Every structure is written in C-alpha cells, then in structure tokens.
Enquirer: 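Have a look at the structure that comes next, please.
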Amino acid sequence: MIREEIPFFNAEKIARSGQCFRWQTVGDDGYTIPAFGKVLRLRQTNPWSIEADCTPNEWKQVWRPYLDLDCDYEAYGASISQQDAYLQAAFQAGWGIRVLHQSLWETMASFIISQNNNIPRIQKSLLTLCGGPEAAFVCPETVAETSEDTLRAAGLGYRAPYLQNAARRYLQDGLSDDLSIGLGEARRYFSSYFGIGPKVADCICLYGLGLKDAFPMDVWVKRILRNHYQGVFPFGQYEGYAGVLQQWMFYYERLLEGRA
DNA sequence: TGCCAGGCTTCAC
DNA sequence: GTGAAGCATGGC
C-alpha cells in the first residue's frame, strides 16, 4: 500500500474533467483507475494525500508518470495574470486537476470516439469496446480486425470507420508509447488520419504525448474564448503549459453549467 | 420532443 | 480559404 502526500491533487475533479473516460468511483472517496493494462485502486484520504494499492516500484514506474505527479501545477496557477479574473476563477475551481499522461493508443481511440459526442455516451462505448470496467483497454490489433458493424453496435455510429482506420495506421506506422515528436509535427501527422481533425489531434498531443502546449478547442473552449478573450487566448503568456489552463477552464465552464 | 454533444468530411462557392 | 450540410445516437 502506498500512502503519499501530494500538494496538488483532487481525484474527484480529475475523474470529472473529461480527459479520461474509464475511472470508476468506489464508495465516497475511492476510484478504480485502469491504465497501461493495470488497475489501480486509489483513495483520496484528505485533500492532500492518497492511498494506492500497488507496489512502490509500480507506483514509481507507472502511476506517478500517469498522474503527472512530478510536475509543479501550483507554479502554473501562480503564473496566471492577476488581471485575468476568469482564468483565476478557473484555477480555483480546477484546483487539484492534473493533466494525465495516458497511453497513446487509448488516447487516440477515446478522443476519436469523443467527437460530436457526450461524455456519458463516450464512457458507455468504451465500456462495451473494452469488455468491462476493469478490462485492459481494447488493443489496436483487435479493433483492426473487428468488423465495422460490430464497432457501430458499440455505439460509435459514423465514427466506426475512423477508429478502425486509426488502429490500422497505428500498427502500420509502428506507433508506441515511446513516440517522441514535437507538437507541430504531431499535429500534422495525426490530422492526416481519416477522422482526426485539429481538436482530436490536440487531445492526442496533450493527453497521449504529454505535450502541454497542445490546446484542444472543443465547443466549450471556443465558447470560453468568445465570451472572455475576444476569441484569442493569450498563448504567449503561458508557453509550455497552455493545455493545463485549458483543462481548468473546460472543467470550470462545465461546472458552472452543472455538467461537471 | 427537440437540442446538444471534448468534430470531422464533403461539397459548394 | 471559408461556410454550410450531413453524419449516428444517446443524454438531458
């Protein structure tokens, strides 16, 4: 059992932040977290500490990187302009939300399915595809060989061929979690997939590759930029971590609308 | 019941 | 390059 104090971590908000779709709640303060073929049981014992049921080695090798625990999120928050009342409020509301570093394939598949979709339905489709809440994430080999009709039956609708195509290219191009690539090249590469556009490509860069300059613009974020930034976010002030701010704003906006 | 959803492709202009 | 239509289907 791991017991650790973490200065900036809120499991409940992370689970509701729309970056992962397979976390399950257990009781009031517990979560089962499937990732990288393993399942972690994690409990938030108070606002600054957690318990997790894994070995110290697995904690260090798998879960600390996945939860991005070596990154100083307080410093990101402290850098927010005092003049930016909206972003300050989003930081307060999103306090404890870290940007998960997920497996590349899981991120690709999850966010291909997410397009023009709602979060409960994304979760349901992934549950069906993976075969259970704690099952390993469906692998690209399986998706590549599954019939399009079967994928449609999992609730993917018109996204079924997009996912199948992505699985085949992932395999053909020999992708893996070790992929090392810059943001510009990654955006161009993933946008070249049939069914992946600018938004999903940025989700892959941010959550799957840990490129924190990626800034996924979905309908919520576009609305925020319209209403609070005259349509243009000040990326220049937040070089290297604008994607983290995007995560807090996304969560905050949905919280205000009663959706988080 | 109708609108919406962590958008994208296609086609007209 | 920009804008609108069409897409599947459950959630609210």
Side-chain angles (χ1 to χ4, degrees), chain A residues 13-23 90 93-94 97-129 137 143 146-170 186-229 231-233 242-260:
Chain A
K13 291 183 191 175
I14 292 172
R16 295 171 181 271
S17 69
Q19 54 176 318
C20 52
F21 304 101
R22 300 188 71 219
W23 285 33
I97 297 178
R98 289 172 180 266
V99 172
L100 303 177
H101 193 153
Q102 307 180 53
S103 94
L104 177 58
W105 166 246
E106 174 166 346
T107 310
M108 290 170 63
S110 298
F111 285 93
I112 284 171
I113 294 169
S114 80
Q115 70 172 259
N116 201 30
N117 209 340
N118 58 63
I119 290 174
R121 204 161 80 97
I122 298 163
Q123 293 170 329
K124 196 173 169 185
S125 287
L126 289 174
L127 182 66
T128 304
L129 277 180
F137 195 84
V143 172
T146 302
S147 75
E148 194 178 308
D149 284 346
T150 304
L151 295 177
R152 285 178 183 271
L156 269 62
Y158 66 90
R159 309 165 192 84
Y162 298 169
L163 183 64
Q164 192 163 59
N165 175 269
R168 290 175 177 161
R169 271 197 73 181
Y170 180 95
R187 278 173 165 158
R188 282 191 296 278
Y189 170 71
F190 288 110
S191 297
S192 76
Y193 279 50
F194 177 59
I196 295 181
K199 190 271 177 181
V200 172
D202 264 29
C203 286
I204 294 168
C205 292
L206 182 59
Y207 307 120
L209 298 175
L211 298 172
K212 292 198 176 83
D213 271 317
F215 192 90
M217 287 209 242
D218 73 327
V219 291
W220 294 89
V221 175
K222 286 176 182 170
R223 190 178 309 150
I224 291 166
L225 296 194
R226 267 201 318 275
N227 293 340
H228 300 280
Y229 296 93
V232 185
F233 189 73
V244 175
L245 307 182
Q246 171 272 157
Q247 197 63 42
W248 294 336
M249 291 191 290
F250 176 80
Y251 175 82
Y252 179 49
E253 194 70 12
R254 288 173 53 84
L255 188 67
L256 293 177
E257 297 291 324
R259 302 286 292 277

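Bear in mind that the values here come from a model prediction, so they are computed numbers and not experimental data. Protein chains get the first letters and strands the later ones, always in sequence-line order, with residue 1 at the start of each.
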Enquirer: On DNA chain C, does the nearest nucleotide to A:Tyr162 precede the nearest nucleotide to A:Asn118 from the 5' side, or the other way round? Give the residue.
Expert: A:Tyr162
Enquirer: Report the distance from atom CD1 of A:Ile196 to atom C1' of B:dG6, rounded to the nearest whole Å.
Expert: 14 Å
Enquirer: Roughly, in whole Å, what's the span from NZ in A:Lys124 to P in C:dC12?
Expert: 11 Å
Enquirer: With P as the reference atom in both, quote the distance from B:dT1 to C:dA8 in angstrom, rounded to an integer.
Expert: 23 Å
Enquirer: I need the A:Ser147 OG to A:Gln164 CD distance, nearest 0.5 Å.
Expert: 7.5 Å
Enquirer: Send over the distance from A:Leu127 CG to C:dG11 P, rounded to a whole Å.
Expert: 13 Å
Enquirer: Give a yes or no on whether a donor-acceptor pair under 3.5 Å exists between the nucleobase atoms of B:dG6, that is its base, and the side chain of A:Tyr251.
Expert: no
Enquirer: Please pick, from C:dG11, B:dG7, B:dA5, the nucleotide with the shortest atom-to-atom distance to any side-chain atom of A:Val200.
Expert: B:dG7
Enquirer: For A:Ile122, which contact category applies under a 4.0 Å heavy-atom criterion: base, sugar-phosphate, or nothing?
Expert: nothing
Enquirer: Taking only the C1' atom of each, what is the distance from C:dG10 to B:dT9 in whole angstrom?
Expert: 22 Å
Enquirer: On DNA chain B, does the nearest nucleotide to A:Phe194 precede the nearest nucleotide to A:Asp218 from the 5' side, or the other way round? Give the residue.
Expert: A:Asp218
Enquirer: I'd like the C1' distance from C:dT2 over to B:dG6, given in whole Å.
Expert: 24 Å
Enquirer: Have a look at A:Gln247 and say if it touches a base, only the backbone sugar-phosphate, or nothing, with a 4.0 Å heavy-atom cut-off.
Expert: base
Enquirer: Check every strand shown and say whether A:Ser191 touches a base, only sugar-phosphate, or nothing at a heavy-atom separation below 4.0 Å.
Expert: nothing
Enquirer: Once you round it to whole Å, what is the distance between P of B:dT9 and CZ of A:Phe190?
Expert: 15 Å
Enquirer: For A:Leu156, answer base if it contacts any base atom (sugar-phosphate contacts may also be present), sugar-phosphate if it contacts only those atoms, and nothing otherwise; contact means non-hydrogen atoms under 4.0 Å.
Expert: nothing
Enquirer: Counting only N and O atoms by type, is there a donor-acceptor contact under 3.5 Å from the side chain of A:Arg121 to the main-chain atoms of A:Asn118?
Expert: no
Enquirer: Any side-chain donor-acceptor pair under 3.5 Å between A:Gln19 and A:Tyr251?
Expert: no
Enquirer: Any base atoms under 4.0 Å from A:Gln246, or only sugar-phosphate, or nothing? Heavy atoms, all strands.
Expert: base
Enquirer: Is it the case that more than 12 heavy atoms not belonging to A:Arg169 sit under 6.0 Å from its CZ atom?
Expert: yes
Enquirer: Are any of A:Arg259's side-chain N or O atoms less than 4.0 Å away from OP1 or OP2 of B:dG6?
Expert: yes
Enquirer: Please state how far atom CG in A:Asn116 lies from atom P in C:dG11, giving the value in whole angstrom units.
Expert: 15 Å
Enquirer: With a non-hydrogen cut-off below 4.0 angstrom, is A:Arg159 in contact with a base, only sugar-phosphate, or nothing?
Expert: base
Enquirer: According to the interplanar angle, ranging from 0 to 90°, do the rings of A:Tyr207 and A:Phe111 count as parallel (below 30°), tilted (30 to 60°) or perpendicular (above 60°)?
Expert: parallel
Enquirer: Give the rounded distance in Å between these two atoms: CD1 of A:Ile224 and C1' of B:dG6.
Expert: 11 Å
Enquirer: Using the six-membered ring for Trp and the full ring for Phe, Tyr or His, decide whether A:Trp220 stacks on the six-membered base ring of B:dG6 (centres under 5.5 Å, planes under 30°).
Expert: no
Enquirer: Distance check needed: B:dC8 C1' versus A:Ile113 CD1, whole Å only.
Expert: 15 Å
Enquirer: Round to the nearest Å and state the distance from A:Tyr158 atom OH to C:dT9 atom C1'.
Expert: 10 Å
Enquirer: Using a cut-off of 4.0 Å on non-hydrogen atoms, how would the nucleic acid contact of A:Gly197 be classed: base, sugar-phosphate, or nothing?
Expert: sugar-phosphate
Enquirer: Which of parallel (below 30°), tilted (30 to 60°) and perpendicular (above 60°) describes A:Tyr158 and A:Tyr162?
Expert: perpendicular
Enquirer: Hey, does the side-chain of A:Tyr207 have a donor or acceptor N/O within less than 3.5 Å of a partner on the base of B:dG6?
Expert: yes
